[in-house]
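Below, chains carry the letters A, B, ... as their sequence lines are ordered, and counting in each starts from 1.
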Protein chains: 2
Amino acid sequence: MIIEEKSYCENSCANKCPCKEYCPLGSALKLIGGKWKIPILCALHQDGTTRYNELKRKINGITNTMLASSLKELENDGLVCRRQYDEMPVRVEYALTSACDDLIPILNQLAKWGSKVNSGEGSK
Amino acid sequence: MIIEEKSYCENSCANKCPCKEYCPLGSALKLIGGKWKIPILCALHQDGTTRYNELKRKINGITNTMLASSLKELENDGLVCRRQYDEMPVRVEYALTSACDDLIPILNQLAKWGSKVNSGEGSK
DNA sequence: CAGGATCCAGTTAGATACTG
DNA sequence: CAGTATCTAACTGGATCCTG
């Protein structure tokens, strides 16, 4: 084997891998999976605190259903925080939580890796 | 904003983010998305070169349909290489390609991040 | 304004049986 | 042994309309 680093399975699934019962890697990917989580996180990271309808405008093609449900999931997972101001009309703002501080650089690396793999293909 | 690092959107989607057209991060996640990609990569990383039926035994609950199609996708994406020996009966072996060298540490980080986030929840 | 409710379509995954 | 083919089930995402 080529990889010197300790197996990520040792870190995550102990010796239950391949993921027979519980896999932290799998559950991590669920947090940011689905069609809209990444665009939402991306928008919030770019622009900071953002209102609902502003998000909707920025994220091309998202529907109310998906934006609302994705935000709720992200909030429940602790990645996004929702703040409501009871003005008239109501104002609701969303922002990344500090749990995302470590996530962003990792996504960064993943994106770079993806670009590299996509470009250097067809080598079989 | 809390994050000092350069936005991953600058690295990946340029200024087309949030992912209006093409997003390297999104496409990277597609490569390892779906229910079985991670378990397969995980098994291959743990044990190195592995035969088809051996994989099937190790990955709890996977069906032929899913194993075959996932392996084919991974192969097309350049993450796994397939080697066929025309003995009788046929022997086919799968292994990770060098494209995974960089991926494993990243997944490692993601898994750690996921564990941390999952444990430190309910802080809203 | 910021969503919720409802209904529908498409995609993804699984069961089962079969083949070179 | 290493898959394919077919059919079905489940889940994900979307359109539209509605509301405090």
Side-chain angles (χ1 to χ4, degrees), chain A residues 18-20 23 26-27 29-44 47-77 80-95 124, chain B residues 18-20 23 26-27 29-44 47-77 80-95 124:
Chain A
C19 308
K20 281 175 187 161
C23 174
S27 63
L29 286 172
K30 262 180 214 155
L31 300 185
I32 58 171
K35 191 172 179 182
W36 298 108
K37 300 279 187 71
I38 291 293
I40 291 172
L41 293 176
C42 191
L44 289 176
D47 304 333
T49 302
T50 310
R51 297 183 61 171
Y52 182 90
N53 272 332
E54 213 180 329
L55 271 178
K56 196 178 160 195
R57 274 190 300 277
K58 283 181 182 162
I59 299 172
N60 201 285
I62 198 169
T63 60
N64 272 329
T65 316
M66 293 317 295
L67 180 54
S69 73
S70 301
L71 282 171
K72 193 172 289 179
E73 283 181 38
L74 288 170
E75 194 197 355
N76 287 337
D77 293 337
V80 157
C81 94
R82 186 195 121 112
R83 202 155 300 168
Q84 175 168 343
Y85 302 89
D86 289 330
E87 308 166 348
M88 191 57 98
V90 186
R91 189 171 101 232
V92 179
E93 292 183 343
Y94 292 90
K124 61 163 179 174
Chain B
C19 307
K20 282 176 186 160
C23 173
S27 62
L29 286 172
K30 262 180 214 154
L31 300 186
I32 58 170
K35 191 171 179 182
W36 298 108
K37 299 279 187 72
I38 291 292
I40 292 173
L41 293 177
C42 190
L44 288 176
D47 304 333
T49 302
T50 309
R51 299 181 61 170
Y52 181 89
N53 273 331
E54 212 179 331
L55 272 178
K56 195 179 160 196
R57 274 190 300 277
K58 283 182 182 162
I59 299 173
N60 201 286
I62 197 169
T63 61
N64 272 328
T65 317
M66 295 317 296
L67 180 55
S69 74
S70 301
L71 282 171
K72 194 172 287 178
E73 282 182 38
L74 288 170
E75 195 196 355
N76 288 337
D77 293 336
V80 157
C81 93
R82 187 195 118 113
R83 202 155 300 167
Q84 175 168 344
Y85 301 90
D86 288 329
E87 308 166 347
M88 190 58 97
V90 186
R91 190 171 101 231
V92 179
E93 292 183 343
Y94 293 90
K124 61 164 180 176

Does D/dG3 have its OP1 or OP2 closer than 4.0 Å to a side-chain nitrogen or oxygen of B/Lys56? no
Nearest-Å distance for atom pair CG/C1', residues A/Asn60 and D/dG13: 16 Å
Partner of B/Ser70 under side chain to side chain contact (heavy atoms under 4.5 Å, CB included), chosen from B/Ile38, B/Thr65, B/Ile40, B/Leu41: B/Ile40
B/Tyr52, nearest nucleotide to its side chain (from C/dT16, C/dC1, D/dG3): D/dG3
Taking atom P of D/dT12 as reference, at what distance in whole Å does atom NZ of A/Lys30 sit? 9 Å
Tell me what A/Gly34 touches on the nucleic acid: a base, only sugar-phosphate, or nothing, going by heavy atoms under 4.0 Å. sugar-phosphate
Minimum heavy-atom separation for A/Thr49 and A/Ala95, please, with both atom names. OG1-CB, 3.6 Å
Any B/Lys35 side-chain N or O less than 4.0 Å from OP1/OP2 of D/dC11: no
Figure out the NZ/P separation between B/Lys72 and C/dA13, and round it to whole Å. 15 Å
Candidate pair A/Asp47 and A/Leu55, rule side-chain contact (heavy atoms from CB on, under 4.5 Å), full reasoning: CA-CA 10 Å; A/Asp47 304 333; A/Leu55 271 178; over 6 Å; no
Just how far is it from atom NZ of A/Lys58 to atom OG1 of A/Thr50, taken to the nearest 0.5 Å? 5.0 Å
Under 4.0 angstrom between B/Trp36 side-chain N/O and C/dG14 OP1 or OP2: yes
Which one, D/dA5, D/dA2, C/dC1, comes nearest to the side chain of A/Asn53? C/dC1
Which part of the nucleic acid, if any, lies within reach of A/Tyr94 when heavy atoms closer than 4.0 Å are counted: base, sugar-phosphate only, or nothing? sugar-phosphate
Could you check which of D/dC1, C/dG3, C/dA13 has an atom nearest any side-chain atom of A/Val92? C/dG3
Out of C/dA13, C/dG3, C/dT6, minimum distance to the side chain of A/Ala68 belongs to C/dG3
Counting side-chain heavy atoms from C-beta on, which of D/dG3, C/dA13, C/dG3 comes nearest to A/Arg82? C/dG3
From C/dA13, C/dG4, D/dG3, nucleotide with atom closest to B/Asn64 side chain: D/dG3
Using heavy atoms to find the nearest nucleotide of DNA chain D for A/Gly61 and A/Val90 separately, return the residue whose nucleotide is more 5′. A/Gly61
Does any N or O donor sit under 3.5 Å from an N or O acceptor when you compare the side chain of B/Thr63 with the base of C/dA13? no
Can you find a side chain N or O atom of A/Arg51 that sits less than 4.0 Å from OP1 or OP2 on C/dA2? yes
Between C1' on C/dG4 and CG on A/Leu71, what's the gap in Å once rounded to a whole number? 14 Å
Protein-nucleotide distance (B/Ile62, atom CD1; D/dA2, atom C1'), rounded to Å: 14 Å
Applying side-chain contact (heavy atoms from CB on, under 4.5 Å) to A/Lys56 and A/Asn64, what does each step give before you reach the verdict? CA-CA 8 Å; A/Lys56 196 178 160 195; A/Asn64 272 329; 3.5 Å; yes
Run the side-chain contact (heavy atoms from CB on, under 4.5 Å) test on A/Leu71 and A/Arg82 for me, step by step, so that the C-alpha distance in whole Å, both residues' side-chain angles and the decisive distance to 0.1 Å come before the verdict. CA-CA 9 Å; A/Leu71 282 171; A/Arg82 186 195 121 112; over 6 Å; no
Can you find an N or O donor on one side and an acceptor on the other, under 3.5 Å apart, linking the side chain of B/Ser69 with the base of C/dA13? no
Once you round it to whole Å, what is the distance between P of D/dG3 and CD1 of B/Ile40? 12 Å
Could you tell me how far apart B/Glu87 (CD) and D/dA2 (C1') are, to the nearest whole angstrom? 13 Å
Atom CZ of B/Arg57 and atom P of D/dC1 are separated, to the nearest Å, by 7 Å
